[in-house]
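Accompanying notes for the structure given below.
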Amino acid sequence: MPVSANGANVTTLDPAVFGKLLDSLQAGTTAVTGELKCSVTTYKVRYNTVGGANEAADASAAIMVPSGSAPECSGPRPVVLYAHGTSPERNYDMSTLANTESRLIAAMFAARGYIVVAPNYVGYADSALAYHPYLDAAQQSNDMIDGLRAARSVFGAIKTADSGKLFLTGYSQGGYVALATQRAMQGLAGEFKVRAVAGMSGPYALAQFGDDMFNGKPGQGATGFLPALVNAGQRAGAGVYAASSDLYEAPFAAAVDKFASGAITVEALLKTPGWPDNALFAKESQPQADGYGDYFGAGNLFKTSYRNDYLADLKAHPCNVTAGAPLACAPGHPLRKLFVKNDLRTFVPSAPLLLCGGHEDRTVAYSNTRAAVDYFRAGAGSALVTEVDVDDTPGSTDPYRSVKTNFAAAKLAVKLNAIKSGESGDRAVAGNYHAGLVPPFCLSAARGFFNAALAP
């Protein structure tokens with residue numbers, strides 16, 4: 001795919017041009033990615049897969065190929081299967097380096113000698129499916145697997161070769177998808193030999209994530225991602241509501257019906273007049289955790305009656321009682337059932353697993369990482385699990401000391417820049433935390449983890 005660099009469209013970015021492009025768009029990027037050693041050429045492949053109702057669907061994937069004279073840039077190369085984060089843009093496409101995420105992945109992995117396969121998922125880019133099966137663990141893992149199969153089928157045609165060393169990673173929604181794919185691939189061990197996995201800031205503990213939101217701790221962006229999750233569940237037959245007016249307040253139910261039918265995209269849904277940025281629940285709805293007042297207010301999205309039914313079920317059928325068996329529960333509420341169905345605390349990892357995030361994350365709370373780590377360490381795969389909180393103060397022997405030290409410097413820079421502009425430093429950090437601050441540092445930790453797994 002052509003990339004715009006220095007005013008011209010090029011099909012391959014050499015390390016010098018790519019480095020200048022990165023730093024011109026965001027100063028200091030190459031200080032985080034490290035030296036770019038390989039040229040990167042990006043291709044796009046289309047493939048057939050399934051939707052959330054097991055219907056036939058199509059999708060596309062980016063393939064980022066390294067080349068060059070350095071030893072790590074040629075010959076059979078390890079493959080990183082990357083799952084991207086949530087985007088409201090239907091045209092979101094990992095095969096164009098015009099978006100920040102694809103550039104960062106290309107720099108972190110392809111420019112360091114990994115072949116990257118990054119599916120766009122069904123419902124994105126030029127997929128014909130009218131919706132995206134958001135956080136549907138079975139569908140999203142099938143989607144990733146089918147994307148990798150399609151990419152492997154064209155490696156010969158694009159003159160690249162797979163060494164057979166496979167790594168899985170992803171950020172936010174993609175962190176969740178990476179672990180779902182790991183779980184699915186363990187049932188296909190004859191086809192896939194996964195060397196290591198890195199989940200980054202993902203909602204793995206979905207049952208806990210949902211219960212925390214309804215119990216008074218919604219996350220940033222909840223008025224966007226919860227309707228997408230509910231819609232995916234409806235499409236898969238979860239029966240989250242009988243009518244949209246059961247769940248959504250009257251001003252929004254009609255727009256939700258259009259979204260559910262595929263008549264409008266999630267982008268259009270979020271532009272519905274009056275659609276709340278933060279107010280998931282009514283101002284008087286209880287309980288409300290300290291510090292979460294922004295998520296309760298006038299013009300709220302979800303009905304208090306629906307929330308109350310959810311909370312009554314939570315009280316009658318609590319989940320997450322023990323770390324080792326968090327899903328030993330039988331919720332009756334349909335949305336809680338959907339959360340439990342797609343919770344990833346259901347398997348024992350058979351490959352080394354890194355879980356990375358930052359503990360001040362208000363979009364996907366770090367409690368998801370903590371709960372997943374506790375679950376995996378309570379089981380037979382405990383020795384395979386590594387936890388990295390990039391916002392933690394490192395000890396002198398911490399193998400991720402440089403990642404954490406550099407994150408602290410970046411966080412301080414965001415705060416100081418905001419203060420210089422007369423803005424709140426803390427608010428600037430909170431606003432940039434999940435989508436801006438944490439990703440490059442967790443990616444750096446993931447690459448180090450993968451490099452260690454490549455060692456003889």
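In what follows, residues are counted from 1 in the order of the sequence shown. Values below: every heavy atom of this structure, side chains too, minus hydrogens, waters and symmetry copies. Everything numeric in this text was worked out from a predicted model, so none of it was measured.
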Point-to-point distance, once rounded to the nearest 0.5 Å, from [atom1] of [X] to [atom2] of [Y]:
X: Tyr375; Y: Asn320; atom1: OH; atom2: CG; result: 12.5 Å
X: Asn342; Y: Leu229; atom1: CG; atom2: CG; result: 7.0 Å
X: Thr322; Y: Leu327; atom1: OG1; atom2: CG; result: 9.5 Å
X: Leu22; Y: Thr33; atom1: CG; atom2: OG1; result: 6.0 Å
X: Asn48; Y: Arg149; atom1: CG; atom2: CZ; result: 12.5 Å
X: Thr304; Y: Phe296; atom1: OG1; atom2: CZ; result: 9.5 Å

(request) Could you go through the side-chain hydrogen bond (donor to acceptor under 3.5 Å, both in side chains) check for Ser141 and Arg183 one step at a time? (result) CA-CA 8 Å; Ser141 56; Arg183 183 179 69 177; over 6 Å; no
Donor-acceptor pair between [X] and [Y] side chains, under 3.5 angstrom:
X: Ser305; Y: Asn308; answer: no
X: Asp211; Y: Tyr310; answer: yes
X: His434; Y: Ser201; answer: no
X: Ser95; Y: Asp93; answer: yes

Counting distance only, does the side-chain N/O of [X] pair as donor-acceptor with the main-chain N or O of [Y] below 3.5 Å?
X: Arg112; Y: Gly34; answer: no
X: Thr405; Y: Ser402; answer: no
X: Gln208; Y: Ser367; answer: yes
X: Gln186; Y: Ser350; answer: yes
X: Glu101; Y: His84; answer: no
X: Ser102; Y: Thr96; answer: yes
X: Trp275; Y: Gly224; answer: no
X: Arg447; Y: Met108; answer: yes
X: Asn142; Y: Ala138; answer: yes
X: Ser421; Y: Glu423; answer: no

Test item: [X] and [Y] side chains (from C-beta on) under 4.5 Å apart, heavy atoms:
X: Ser60; Y: Val45; value: no
X: Leu166; Y: Pro78; value: no
X: Leu344; Y: Leu206; value: no
X: Tyr134; Y: Phe225; value: yes
X: Leu179; Y: Thr181; value: no
X: Val438; Y: Phe407; value: yes
X: Val197; Y: Pro349; value: no
X: Tyr114; Y: Leu454; value: yes

Any Lys/Arg nitrogen of [X] or [Y] sitting under 4.0 Å from an Asp/Glu carboxylate oxygen of the other?
X: Arg46; Y: Asp126; value: yes
X: Lys411; Y: Glu360; value: yes
X: Lys404; Y: Asp389; value: no
X: Lys217; Y: Asp212; value: no

(request) Test Glu387 against Arg370 for salt bridge (Lys or Arg N to Asp or Glu O under 4.0 Å), laying out the working first. (result) CA-CA 8 Å; Glu387 177 185 4; Arg370 181 76 262 157; 2.6 Å; yes
Please name the pair of heavy atoms, one in [X] and one in [Y], separated by the smallest distance, quoted to 0.1 Å.
X: Asp257; Y: Ser244; answer: OD1-OG, 2.9 Å
X: Ala232; Y: His132; answer: CB-O, 4.1 Å
X: Ala323; Y: Asp374; answer: CB-CB, 4.0 Å
X: Gly332; Y: Asp313; answer: N-OD1, 2.9 Å
X: Arg195; Y: Ala453; answer: NH1-O, 3.1 Å
X: Ala106; Y: Leu97; answer: CB-CD2, 4.1 Å

(request) Establish, yes or no, whether a centroid distance under 6.0 Å links the rings of His333 and Tyr306. (result) yes
(message) Taking the ring of Tyr171 and the ring of Tyr82, is the distance between their centroids below 6.0 Å?
(response) no
In terms of heavy-atom contacts, does [atom1] of [X] have more than 12 from other residues, nucleotides or ligands at under 6.0 Å?
X: Lys193; atom1: NZ; answer: yes
X: Arg427; atom1: CZ; answer: no
X: Gln286; atom1: CD; answer: yes

(message) With side-chain contact (heavy atoms from CB on, under 4.5 Å) as the criterion, how do Phe450 and Thr169 come out once you've worked through the C-alpha distance, each side chain's angles and the decisive distance to 0.1 Å?
(response) CA-CA 10 Å; Phe450 292 171; Thr169 190; 3.9 Å; yes
Name the atoms and distances for all side-chain donor-acceptor pairs under 3.5 Å in residues 246-255, with sequence neighbours left out.
unit_1	atom_1	unit_2	atom_2	d
Asp246	OD2	Ala242	N	3.2
Asp246	OD2	Ala243	N	3.0
Glu249	OE2	Asn300	ND2	3.3

(message) One pair to check against side-chain hydrogen bond (donor to acceptor under 3.5 Å, both in side chains): Gln220 and Tyr433. What are the steps and the verdict?
(response) CA-CA 11 Å; Gln220 287 179 353; Tyr433 199 90; over 6 Å; no
Do [X] and [Y] meet the cation-pi criteria used here (NZ or CZ under 6.0 Å from the six-membered ring centre, within 45° of the axis)?
X: Arg345; Y: Tyr204; result: no
X: Arg362; Y: Tyr292; result: yes
X: Arg307; Y: Phe281; result: yes

Please tabulate, for the side chains in residues 263-270, all donor-acceptor contacts under 3.5 angstrom to protein atoms that are two or more places apart in sequence or on a different chain.
unit_1	atom_1	unit_2	atom_2	d
Thr265	OG1	Glu267	N	3.3
Thr265	OG1	Ala268	N	3.2
Glu267	OE2	Arg90	N	2.9

(request) Evaluate side-chain hydrogen bond (donor to acceptor under 3.5 Å, both in side chains) for Asp143 paired with Tyr47, printing each intermediate quantity in order. (result) CA-CA 9 Å; Asp143 197 339; Tyr47 59 94; 2.5 Å; yes
(request) Among residues two or more places apart or on two chains, list those pairs meeting disulfide bond (SG atoms under 2.5 Å apart) that have a residue in residues 321-379. (result) Cys319-Cys329, Cys356-Cys442
(request) Anything under 30° is parallel, anything over 60° is perpendicular, the rest tilted; go ahead and classify Phe302 against Phe214. (result) tilted
